[in-house]
Every structure is written in C-alpha cells, then in structure tokens.
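Report on the following structure.
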Amino acid sequence: MTNLVMSLMVWISIQTGWSVPDPPTITYIESGQELFMLSHNCKNKPDQPVCTTYNPETSKVLGLYNNETKTVLLNKDFWIASVRDQSILLHELVHHMQYSRNWGHYRKKCRGDIEKEAYNLQENWLEIRGLTLEKTIDLGPLMRHVLTQCDLF
C-alpha cells in the first residue's frame, strides 16, 4: 500500500506542483454506513436529520480524509488492484496534500472548492485509464455540481 500511496502522491505533485508530504495514516472502516456517519459527524450530532435517514442506495461516502489526524479512511473492502478504489484513494490523497501544503488556506476555503479540486484531479487520473467519474464511482455531472458548490448564504 505504501508504494501505491507514494506513486499517487507523486502523480498529484506532477499535476499540481505541490510538494509530496509524508504519507497519511490509512485506516479501514467496517462499512459504508460508518463512513457516512463519520462524514456527517453523527457521533457528536446524532439527531440531525441526515444521521437518522441513512439509506445505502443514496448515501454513498467512498472515502474520507481527516486533516486533524492526517488519516485517510477507506472501506474495509478496499482492493489495491481496483482502478476504482485507487481513484478513491487518490481523491483522499489530494485532500491530504491540500491540507499539508497550506492548512490555513484550505481551512478558509469552502468545502465545494476543495472537493472540486480533488474531483478534477481524480477525473484526470481516470481519463488516462479511459474511464470517467460517472462510470467508475457513479458520480454524474449533476451530483458532481452539487458536491462542488459553495453555500450562497
């Protein structure tokens, strides 16, 4: 896994000009539901509507990055030989490199801008392999647009 992480970070570095930081910790999570709950901070805020209406068909969180602990969280079923799973890891490594590069700058940016940068790099990586985000992780243009927007208020 270390070789894959380093090769993906070198690829990101070549695309962006960012330096390659120390690799993050990789942690495997038991289920997609647990990833979803972690992504919405449901442990600390269990009564928020999004936490009580989890649906595996519509609530797809494929990976997470925790910038405080410098940890990438992946589903326990992560398969190192899968281009799909490698692209998910790449996306989370973009976040690791964003925060390692300039934590203060990214802390001030909206989540949509941070995600847009990660999805663009993930899509470029997939295109080299003849794939798209839509085909690989079922992320169509409309959902991608929603995930990369900043709050207007």
Side-chain angles (χ1 to χ4, degrees), residues 1-42 50 56-152:
M1 183 64 136
T2 302
N3 288 340
L4 175 60
V5 167
M6 292 309 294
S7 68
L8 291 173
M9 287 198 304
V10 166
W11 184 88
I12 295 165
S13 175
I14 290 168
Q15 304 307 305
T16 62
W18 302 340
S19 60
V20 176
D22 290 336
T25 301
I26 306 289
T27 300
Y28 297 96
I29 302 300
E30 283 300 311
S31 68
Q33 181 177 6
E34 188 176 348
L35 277 170
F36 176 85
M37 296 298 183
L38 287 167
S39 74
H40 293 288
N41 197 22
C42 292
V50 71
E57 296 301 315
T58 59
S59 305
K60 296 179 182 173
V61 176
L62 303 174
L64 289 172
Y65 177 68
N66 182 322
N67 62 304
E68 292 176 8
T69 62
K70 297 182 180 177
T71 302
V72 170
L73 306 169
L74 300 170
N75 193 296
K76 69 175 173 66
D77 297 329
F78 179 88
W79 182 34
I80 197 167
S82 163
V83 172
R84 174 189 179 274
D85 289 358
Q86 289 177 17
S87 82
I88 293 165
L89 175 59
L90 178 131
H91 181 103
E92 301 311 326
L93 290 172
V94 169
H95 293 317
H96 175 65
M97 292 176 72
Q98 287 169 327
Y99 284 97
S100 295
R101 178 173 171 256
N102 189 340
W103 182 82
H105 171 73
Y106 280 94
R107 198 181 88 203
K108 294 175 187 174
K109 289 183 88 166
C110 82
R111 184 174 177 169
D113 286 343
I114 294 167
E115 288 299 326
K116 186 180 295 185
E117 199 167 41
Y119 280 127
N120 288 344
L121 286 162
Q122 183 180 9
E123 184 163 62
N124 292 345
W125 187 86
L126 285 166
E127 283 177 356
I128 293 167
R129 288 147 185 84
L131 299 167
T132 65
L133 285 169
E134 189 165 13
K135 287 180 184 176
T136 308
I137 62 168
D138 195 26
L139 182 65
L142 180 59
M143 183 53 78
R144 182 176 176 178
H145 178 75
V146 168
L147 293 172
T148 59
Q149 292 303 298
C150 294
D151 293 335
L152 300 175

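We use all heavy atoms of the structure for the numbers below, so side chains are in, but hydrogens, waters and symmetry mates are not. Heads up: numbering here begins at 1 and tracks the sequence. Here the structure is a predicted model, which means the values were calculated and not measured.
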Kindly give the heavy-atom pair with the smallest separation between [X] and [Y], and that separation in Å.
X	Y	answer
Val5	Pro24	CG1-CD, 4.2 Å
Trp125	Leu8	NE1-CD2, 3.6 Å
Leu90	Ile12	O-CD1, 3.8 Å
Val20	Val10	CG2-CA, 4.2 Å
Ser19	Met97	O-CE, 3.6 Å
Gln98	Ala118	NE2-N, 4.3 Å

To the nearest 0.5 Å, what is the distance between [atom1] on [X] and [atom2] on [Y]?
X	Y	atom1	atom2	value
Asn67	Thr69	CG	OG1	8.0 Å
Leu64	Glu34	CG	CD	10.0 Å
Leu4	Leu93	CG	CG	8.0 Å
Ile29	Lys76	CD1	NZ	11.5 Å

Heavy-atom distance under 4.5 Å between the side chains of [X] and [Y], does that happen here?
X	Y	answer
His95	Glu115	yes
Leu62	Arg84	yes
Trp11	Asn124	yes
Leu89	Ile26	yes

Begin with the C-alpha distance, continue with both residues' side-chain angles, and end with the deciding distance and a verdict on side chain to side chain contact (heavy atoms under 4.5 Å, CB included) for His91 and Leu133. CA-CA 11 Å; His91 181 103; Leu133 285 169; over 6 Å; no
Can you sort out the partners of Ser87 under side chain to side chain donor-acceptor pair (under 3.5 Å), two or more places apart, ordered by chain and number?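 Applying side chain to side chain donor-acceptor pair (under 3.5 Å) to Ser87 gives Gln122.
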Listed partners of Tyr65 passing ring-ring contact (aromatic ring centres under 6.0 Å, His included), at least two apart: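 His96.
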Can you list everything that forms a side-chain contact (heavy atoms from CB on, under 4.5 Å) with Asp85? Sequence neighbours excluded, please.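 If we apply the side-chain contact (heavy atoms from CB on, under 4.5 Å) test to Asp85, skipping adjacent residues, the hits are Phe78, Trp79, Ser82, Ile88.
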Treating Glu127 as the side-chain partner and Thr132 as the backbone partner, does any N or O pair qualify as donor plus acceptor under 3.5 Å?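 A pair under 3.5 Å: no.
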